[in-house]
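Sequence lines set the chain letters: A, B, ... in the order given, protein chains first and strands last, and positions in each chain run from 1. Just so it is clear, the values below take in all heavy atoms, side chains as well, and ignore hydrogens, waters and symmetry mates.
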Number of protein chains: 2
Amino acid sequence: MTIVASTDPLDFTGKLSASHSGRLLRDRLGQRWPESADRLSTMVRHALLPAGKLIRPIMALESAVAAGGRPEPVLPAALGLEYLHVATLVHDDIIDGDATRRGRPTVSAAYGTPDAIVTGDALIFTAFTAIVECRAGGVPADRIVAAVDALAGAGSDLCRGQVLEAGLAGDPAGAATEYLEMVRLKTGALFRAVCQIGALLGGADAERARLLAGYGESVGIAFQIRDDLLAYTSDAATIGKSTTSDLANGRPTLPVLLAHRAGGPAQRRQLAEALSRGCADPAALAGVRDIVRATGALAAARDVAAEHAGRAHRRLSTLDESAARDTLAAIAGWAAVPG
Amino acid sequence: MTIVASTDPLDFTGKLSASHSGRLLRDRLGQRWPESADRLSTMVRHALLPAGKLIRPIMALESAVAAGGRPEPVLPAALGLEYLHVATLVHDDIIDGDATRRGRPTVSAAYGTPDAIVTGDALIFTAFTAIVECRAGGVPADRIVAAVDALAGAGSDLCRGQVLEAGLAGDPAGAATEYLEMVRLKTGALFRAVCQIGALLGGADAERARLLAGYGESVGIAFQIRDDLLAYTSDAATIGKSTTSDLANGRPTLPVLLAHRAGGPAQRRQLAEALSRGCADPAALAGVRDIVRATGALAAARDVAAEHAGRAHRRLSTLDESAARDTLAAIAGWAAVPG
């Protein structure tokens with residue numbers, strides 16, 4: 001599959017999702033949890049379906065191919081990587097008190113906190129089951145072990161990132177480097193594991209798997225900055241989730257940190273106040289949005305995203321030319337361009 | 001190590017804990033999370049230390065030996081099994097709203113729900129990392145993969161058991177068979193995995209690993225009934241956690257289900273009312289305690305625990321005689337005798 005990033009980001013993810021890999025993944029995503037089998041199945045299906053952009057599992061499959069391997073043996077693990085990603089969303093939504101995700105009620109809003117905790121846990125465990133299933137497709141046991149190790153390590157990093165993020169809350173004067181370390185752990189680590197696991201299970205050699213792991217981490221960081229920017233460039237209806245959650249939770253994302261650094265005393269006060277309020281209305285968001293634009297922080301944050309996407313690109317350049325490599329390059333480009 | 005169950009259960013677990021395996025485990029339990037390294041380490045240490053009875057990791061090590069293997073290569077995984085167990089406690093305490101565990105504040109009571117979710121997640125991921133670490137001790141990759149599969153499967157069962165338990169809440173007229181299926185999933189599955197993983201990683205053959213898995217499941221069921229009985233035979237100070245949590249959460253444990261079946265209309269009404277209240281005071285507990293005793297349900301529940309412990313014993317009988325087998329037999333005996 002060769003997919004070139006268009007100027008319309010939604011169009012790009014639409015193409016990805018409609019690709020052969022995208023359709024394969026979409027068809028199988030909920031298969032393991034039959035409709036109305038039991039309450040847990042119902043909740044897991046609520047979390048998983050309709051599917052999101054499936055960026056991570058698509059990256060796992062494309063990494064396998066770009067590194068000289070085959071996508072088929074990776075398919076169960078690719079689904080597992082989406083389970084793990086969705087598990088983190090389910091738990092994050094409890095933590096953030098968010099009620100909407102992908103345009104529908106979050107699991108915690110629909111079923112309550114206790115059931116949402118268990119739904120997330122079940123998705124985490126099934127992610128590991130899914131990796132083990134690749135053994136039946138002929139993947140050597142040592143590669144499965146390496147993949148389990150990568151996934152478990154990414155999970156631990158994710159938790160450290162989550163705690164670090166809570167520690168940064170309320171302080172718009174924090175250093176961008178701390179924020180970027182948090183993002184590396186919270187988002188970069190899973191993207192890193194996704195590409196590494198795809199390459200390893202697809203049969204790639206160690207050097208290429210390492211390269212793709214680095215590519216994935218950089219894409220993940222760019223992607224998170226992109227996600228942070230969406231609150232200032234899109235509305236909730238377009239992105240399917242709250243645009244005020246970061247503010248309501250006092251989270252200084254990159255645009256806010258950069259705006260604080262560049263802003264005058266009045267702007268700094270307004271940013272600090274918006275973060276400390278513990279709740280956010282459209283007016284507060286609009287105020288922060290104005291400052292982020294006026295100080296040039298929006299453009300500066302875009303530059304940081306572009307820098308990480310550039311790193312990802314450079315890592316790909318040592319791989320042989322292939323349609324899969326082109327797709328991964330396009331994903332890096334897309335991750336740096338907020339919709 | 002040969003440890004014979006004494007008539008004093010606390011004395012028995014004290015001996016287990018003071019054994020060579022117990023000390024080895026205790027020394028290493030928190031090693032991975034240095035004191036004051038970061039907030040996540042602090043919370044994980046709060047959850048793990050001081051250690052509980054370490055029954056599960058001790059069973060993993062003894063299973064390795066009883067099945068003809070060695071305990072040393074299993075040690076990292078045994079620690080991982082305790083991490084996973086503690087992860088379930090941390091998440092359960094959020095779900096049940098419990099504030100005390102092992103005589104100290106629960107993670108959620110000390111650090112709040114968001115951080116407790118992340119602490120539990122981190123322990124789950126690290127459990128898998130710990131299993132993979134056995135590879136460095138010379139365990140073949142295929143056995144690691146089987147152990148990961150067993151752990152992930154047990155985790156999924158646990159989640160199904162948790163949801164099933166929530167579904168049984170409030171109904172003291174439910175069938176004991178449904179309750180036992182819930183216990184098999186919620187508690188039996190992890191004990192099963194503990195013994196199976198110990199045997200597999202220790203180098204046991206498939207037949208012995210299967211036998212020990214069955215032994216573990218039966219011990220787990222007996223152990224859960226024992227735990228349910230503690231609310232009616234001990235006080236909170238002795239067992240270090242709330243004795244009214246099951247009642248407060250409307251959970252009909254086996255003694256209550258059996259008492260409802262055996263009781264008269266007035267007793268049934270009182271049980272139904274105690275479960276439906278959504279909170280429990282010592283007076284409500286005392287009332288249920290009286291009914292559970294008067295109807296013979298306490299003794300009947302003990303008989304069910306003894307039946308499962310008997311099954312566990314019989315499974316052991318086909319293994320060669322060894323000190324480890326004796327210890328496992330003593331654990332089965334202990335699990336059926338409430339303190």
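Scanning all heavy atoms of the two residues, the minimum distance from A110(B) to P105(B) falls at CB-CB, 4.3 Å. Closest heavy-atom contact between V183(B) and Q224(B): CG1-CB, 3.5 Å.
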Subject >> CA sep, side-chain torsions, deciding dist, call: D92(B), K186(B), salt bridge (charged side-chain N to carboxylate O under 4.0 Å, His left out) >> reply: CA-CA 11 Å; D92(B) 277 5; K186(B) 204 196 157 184; 3.7 Å; yes

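Using a 4.0 Å cut-off between a side-chain N of Lys or Arg and a carboxylate O of Asp or Glu, R135(B) and D149(A) do not qualify as a salt bridge.
When heavy atoms are compared at a cutoff of 4.5 Å, R160(B) approaches chain A by way of both its backbone and its side chain. Proximity to chain A (any heavy atom under 4.5 Å) is shown, for L40(B), by both the backbone and the side chain. Of the two parts of D115(B), only the side chain, counted from C-beta on, holds a non-hydrogen atom closer than 4.5 Å to a non-hydrogen atom of chain A.
Ranked by heavy-atom pairs under 4.5 Å with chain A, the list H91(B), R39(B), Q162(B) is led by H91(B). When L158(A), I94(A), T126(A), I124(A) are compared by the number of non-hydrogen pairs under 4.5 Å with chain B, I124(A) comes out ahead. Taking chain B as the reference chain and counting heavy-atom pairs below 4.5 Å, the highest number among T88(A), D142(A), I131(A), D38(A) is found for D142(A).
Of the possible donor and acceptor atoms, none in the side chain of R101(A) sits under 3.5 Å from a partner among the backbone N and O of T106(A).
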